Amino acid sequence: GAVVSQHPSRVICKSGTSVKIECRSLDFQATTMFWYRQFPKQSLMLMATSNEGSKATYEQGVEKDKFLINHASLTLSTLTVTSAHPEDSSFYICSAPTGMSNQPQHFGDGTRLSIL
Amino acid sequence: QQQVKQSPQSLIVQKGGIPIINCAYENTAFDYFPWYQQFPGKGPALLIAIRPDVSEKKEGRFTISFNKSAKQFSLHIMDSQPGDSATYFCAASKGGGTSYGKLTFGQGTILTVHP
């Protein structure tokens, strides 16, 4: 079945560091990918839509200069958390759709980001 | 209008029981309703999904019931097992326009199945 790979699975770094998270579709092409953020015991909140070959679309309240998204190819999207601070600590998850109307979506296993 | 409301927040059943998780939505433009299962430290995994032109869909032990007029849908897990213990999320999306493919998630239900 469709597989979405996310890397790294866990990052621990100091405040002020920039962190890059990769999301790859392994056996299919994805012109669109989605990035979510999930706090402990909470639901997934959509941050942005990553579009291959064009700018990402950010949800209201998400700082585009803080969360840089690059969709460089049909199988890779990256999320860079710039100058990360402790409040950016969270579980970041990407998804990629495989069907019509961008559904169904398959999710990566997430990246646990901890900023000290 | 974009919200999807999910209940209960948590649910405990005995092995073999049939937990039922409910979701309600307001936006009649939603046309795709998936359910996801999430284990701690993992991303959500698609369980089953339904579109509003059918009232029920069954895949293995998982069944979605859909009531279009009430704008509600639910997940039933038959013969539940301890391995089903996880967090379950309902979601909804609509095709077309700027919301193409965006999933709106419910709040999640933590299911515990006791042996």
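Predicted, not measured: the structure shown is a model, and the values here were computed from it. A note on names: the letters A, B, ... follow the listed sequences, proteins ahead of strands, and every chain is numbered from 1.
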| Centres of the A:Y36 and A:F107 rings: under 6.0 Å? | yes
| field | Positions in residues 40-47 of chain A that reach chain B, provided some heavy atom is under 4.5 Å away | value | A:Q42, A:S43, A:L44, A:L46
| task | Please list, chain by chain and in numerical order, all residues satisfying ring-ring contact (aromatic ring centres under 6.0 Å, His included) with A:F67, sequence neighbours excluded. | result | none
| B:I64 and B:F62: same hydrophobic cluster, using ILVMFWY side-chain contacts below 4.5 Å? | yes
Donor-acceptor contacts, no H, no angles, side chain residues 38-49 of chain B, under 3.5 Å, sequence neighbours left out:
{"unit_1": "B:Q38", "atom_1": "OE1", "unit_2": "A:Q38", "atom_2": "NE2", "d": "3.0"}
{"unit_1": "B:Q38", "atom_1": "NE2", "unit_2": "A:Q38", "atom_2": "OE1", "d": "2.9"}
{"unit_1": "B:Q38", "atom_1": "NE2", "unit_2": "B:K42", "atom_2": "O", "d": "2.7"}

| said: More than 12 heavy atoms of other residues, nucleotides or ligands under 6.0 Å from CD of B:Q9: yes or no? | reply: no
| Between A:K66 and A:D88, is there a salt bridge with N-O shorter than 4.0 Å? | yes
| Proximal to chain A - members of residues 105-115 of chain B, heavy-atom separation under 4.5 Å | B:F105, B:G106, B:Q107
| From CA spacing to verdict: salt bridge (Lys or Arg N to Asp or Glu O under 4.0 Å), A:E22, A:K20 | CA-CA 7 Å; A:E22 293 186 346; A:K20 180 185 284 188; 5.9 Å; no
| B:F66/B:F33 aromatic ring centres below 6.0 Å | yes
| message | Using a strict threshold of under 4.0 Å (side-chain N to carboxylate O), is an ion pair present between B:R61 and B:D84? | response | yes
